[in-house]
Amino acid sequence: YSQGYVCDGLLMDPQSRCCPGKGVKYSCHGCNLLSQCCNSYEFCVSCCLNPARTQKEQALKVKIAKQATAGTYASVFDFCAGRCRHNSESVVHENAYLSEFHHCFSLPLNSSGASNSYLEGILNGINVIVGRQSESCNSVCKSNGQSCVPNKLLVLNQCDIMQKYLSCKGACLASMGADQPAEVVDDAPKNLNPGACLFTQAQSMLSCDGSHPFTRRLCPCA
């Protein structure tokens, strides 16, 4: 299990509590690889343990809890086992799941563990473009002769990154929408927080297709 295998409970060694080491290693069965969320805990942990998906140096910097005094994870397995449990980013109104894919192993949004240099390295070769009002990222990229790269939306969905490309008018707010990450246009109704940047807490909603009448999207094109 800690090596990335998923096995049936009946096959587990009762003494060592380990799997026999057979089957698919680092299985992402039932996982959305864009949002890095899965519909089962076991496969979430297995998928997360893949070194190609979880960078050890970043995972070990993530705090176990939000409190300033909270410690960090001791190993990648501890990180994956902890992150894949239900966390605040997978629920809405604190009493319902955002979707059936509620076991998520991505780095916490705006995590101090996800350093700017690391995130910017992931964006190598990506043309980050601010779209026009109410335009989807598919449209934004197409008008520049490129295509939207959906798995980079998760990288742009960070306040620190958005503030490099958008003014944000001093506010970066957690929201929920397929048009995010985005900036609310200045002439939007006041209840929509004109000028603010929005990042989505529902990572499963990240989409190149999304748009909103009063936002300008931040888009990854290539």
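Any value given below was found using the heavy atoms of this structure, including those in side chains, with hydrogens, waters and symmetry copies removed. Keep in mind that this is a model prediction, so the values were computed, not measured.
- Checked against the 2.5 Å cut-off, the SG-SG distance between Cys168 and Cys197 falls under it.
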**Request:** Apply side chain to side chain contact (heavy atoms under 4.5 Å, CB included) to Asn151 and Val149, showing your working.
**Result:** CA-CA 6 Å; Asn151 64 357; Val149 185; 3.2 Å; yes
**Request:** Test Leu123 against Leu156 for side chain to side chain contact (heavy atoms under 4.5 Å, CB included), laying out the working first.
**Result:** CA-CA 9 Å; Leu123 292 173; Leu156 297 181; 3.9 Å; yes
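- Here the CZ atom belonging to Arg132 is positioned 6.5 Å from the OG atom belonging to Ser139, to the nearest 0.5 angstrom.
- Rounding to the nearest 0.5 Å places NE2 of His103 at 10.0 Å from SG of Cys37.
- Atoms OH and OG1, from Tyr26 and Thr54 in turn, are 10.0 Å apart once rounded to the nearest 0.5 Å.
- Linking ILVMFWY side-chain heavy atoms closer than 4.5 Å, directly or via other members, places Ile126 and Met162 in a single hydrophobic cluster.
- Nearest approach of Val140 to Ser143, heavy atoms of both residues: O-OG, 2.7 Å.
- For Thr200 (side chain) and Gln203 (main-chain N/O), no donor-acceptor pair under 3.5 Å exists by modelled atom type.
- Here the closest non-hydrogen pair linking Tyr165 and Val130 is O-CG2, 3.8 Å.
- Using modelled atom types and a 3.5 Å distance limit, the side chains of Ser175 and Gln201 yield no donor-acceptor pair.
- Distance alone, capped at 3.5 Å, places no donor-acceptor pair between the Gln180 side chain and the Asn157 backbone.
- The distance from the CD atom of Gln146 to the CG atom of Asn127 is 4.5 Å, given to the nearest 0.5 Å.
- Distance check: Phe43 CZ to His29 NE2 gives 5.5 Å after rounding to the nearest 0.5 Å.
- Rounding to the nearest 0.5 Å places CZ of Arg53 at 10.0 Å from OG of Ser46.
- Smallest separation of non-hydrogen atoms from Tyr41 and Ala81: OH-O, 2.9 Å.
- For Phe214, the ring pair (Phe, Tyr, Trp, His ring centres under 6.0 Å) test picks out no residue, with sequence neighbours left out.
- Considering Arg217, Arg216, Lys169 in turn, Arg216 is the only one that fulfils the salt bridge (charged side-chain N to carboxylate O under 4.0 Å, His left out) rule with Glu183.
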**Message:** Between Ser211 and Glu135, does the side chain to side chain contact (heavy atoms under 4.5 Å, CB included) criterion hold? Intermediate values first, please.
**Reply:** CA-CA 6 Å; Ser211 64; Glu135 195 175 17; over 6 Å; no
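- In terms of the side-chain hydrogen bond (donor to acceptor under 3.5 Å, both in side chains) criterion, Ser136 has no residue partners (sequence neighbours excluded).
- On the SG-SG cut-off of under 2.5 Å, Cys148 and Cys219 do not qualify.
- Here the two cysteines Cys47 and Cys38 have their SG atoms 2.5 angstrom or farther apart.
- Cysteines Cys44 and Cys80 have SG atoms no closer than 2.5 angstrom.
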**Message:** Show, in sequence, the C-alpha distance, side-chain angles and deciding distance for Thr215 and Val185, and conclude whether the side chain to side chain contact (heavy atoms under 4.5 Å, CB included) test is met.
**Reply:** CA-CA 5 Å; Thr215 64; Val185 295; 5.9 Å; no
